[in-house]
Amino acid sequence: RFMRLRDIFESQCVDRKALHHDADALLVYLYEEYGVGVDVSMTALMHQQRFGAQPTIQRRVKELLAAGLLESYGGLDKRQRYLRLTSKGLDYLQKCSDMLRAAFSGDA
């Protein structure tokens, strides 16, 4: 069942093929922070060691920006950049969630 789900996931999530597997963890983190009303700055993200070294995090963020799943915006202090999920990013996470739910319920 797992292999069938993986094949379905890969074929239906077009954006998935362009992303490194670590990018999903970053998206989920941003989604969780978004859910509690926290704006995530690049500076704060760079201190999240669970996503790797700073150059790795920068690469993942660039991938997500290029895929249209994230957007970057400035705050009141123009030196600070913040990240948020786009509607495409939210749709991507919803599709992933739906597929996992189907897999665990046996519908996949």
Side-chain angles (χ1 to χ4, degrees):
R1 183 190 304 180
F2 176 77
M3 295 304 287
R4 194 171 84 232
L5 173 65
R6 183 188 60 87
D7 293 341
I8 292 169
F9 184 70
E10 291 291 332
S11 69
Q12 291 184 8
C13 288
V14 176
D15 297 314
R16 178 78 216 121
K17 294 176 184 171
L19 298 178
H20 188 274
H21 63 276
D22 291 341
D24 284 337
L26 189 56
L27 281 175
V28 169
Y29 170 76
L30 291 168
Y31 177 76
E32 289 170 348
E33 295 299 298
Y34 167 81
V36 295
V38 174
D39 291 335
V40 177
S41 69
M42 278 297 293
T43 303
L45 192 58
M46 291 299 171
H47 290 92
Q48 293 289 325
Q49 294 178 350
R50 63 183 165 170
F51 300 120
Q54 290 182 2
T56 302
I57 294 171
Q58 289 174 334
R59 273 194 308 276
R60 298 300 165 251
V61 167
K62 285 181 184 178
E63 290 173 13
L64 294 167
L65 289 168
L69 301 174
L70 285 184
E71 63 183 0
S72 173
Y73 63 98
L76 297 176
D77 180 350
K78 298 301 179 194
R79 296 172 293 175
Q80 190 71 289
R81 300 297 301 162
Y82 292 90
L83 299 168
R84 70 175 152 229
L85 293 165
T86 62
S87 59
K88 183 177 178 181
L90 290 169
D91 291 343
Y92 171 79
L93 287 175
Q94 184 62 51
K95 183 183 277 189
C96 293
S97 177
D98 292 346
M99 282 190 263
L100 286 173
R101 192 173 296 110
F104 284 111
S105 69
D107 296 337

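Just so you know, these numbers use all the heavy atoms, side chains as well, and skip hydrogens, waters and symmetry mates. If you're wondering where the values come from, they're calculated on a predicted model, not measured in any experiment.
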For Thr86, side chain to side chain donor-acceptor pair (under 3.5 Å) partners two or more places apart: none

What residues form a side chain to side chain donor-acceptor pair (under 3.5 Å) with Gln58, not counting sequence neighbours? none

Restricting to salt bridge (Lys or Arg N to Asp or Glu O under 4.0 Å), what partner residues turn up for Glu71, sequence neighbours left out? Arg84

Residues which pass ring-ring contact (aromatic ring centres under 6.0 Å, His included) with Tyr34, listed by chain and number, not counting sequence neighbours: none

The criterion is ring-ring contact (aromatic ring centres under 6.0 Å, His included); which residues satisfy it with Tyr31, sequence neighbours excluded? none

From [atom1] ([X]) to [atom2] ([Y]), nearest 0.5 Å:
{"X": "Gln48", "Y": "Leu30", "atom1": "CD", "atom2": "CG", "answer": "9.5 Å"}
{"X": "Glu63", "Y": "Leu65", "atom1": "CD", "atom2": "CG", "answer": "10.0 Å"}
{"X": "Arg60", "Y": "Asp24", "atom1": "CZ", "atom2": "CG", "answer": "11.0 Å"}
{"X": "Glu33", "Y": "Ser41", "atom1": "CD", "atom2": "OG", "answer": "10.5 Å"}

Co-membership, hydrophobic cluster, residues Val38 and Leu93, 4.5 Å side-chain: no

Shortest non-hydrogen pair, Leu83 vs Met42, comes out as CD1-SD, 3.4 Å

For the student: nearest non-hydrogen atoms of Leu64 and Ala23, plus distance: CD2-CB, 3.9 Å

Suppose the criterion is ring-ring contact (aromatic ring centres under 6.0 Å, His included): which pairs have a residue in residues 35-88, not counting sequence neighbours? Tyr29-Phe51, Tyr73-Tyr82

Heavy-atom side-chain contact between Leu27 and Leu70 under 4.5 Å: yes

Could you tell me whether Arg50 atom CZ has more than 12 heavy atoms of other residues or ligands within 6.0 Å of it? yes

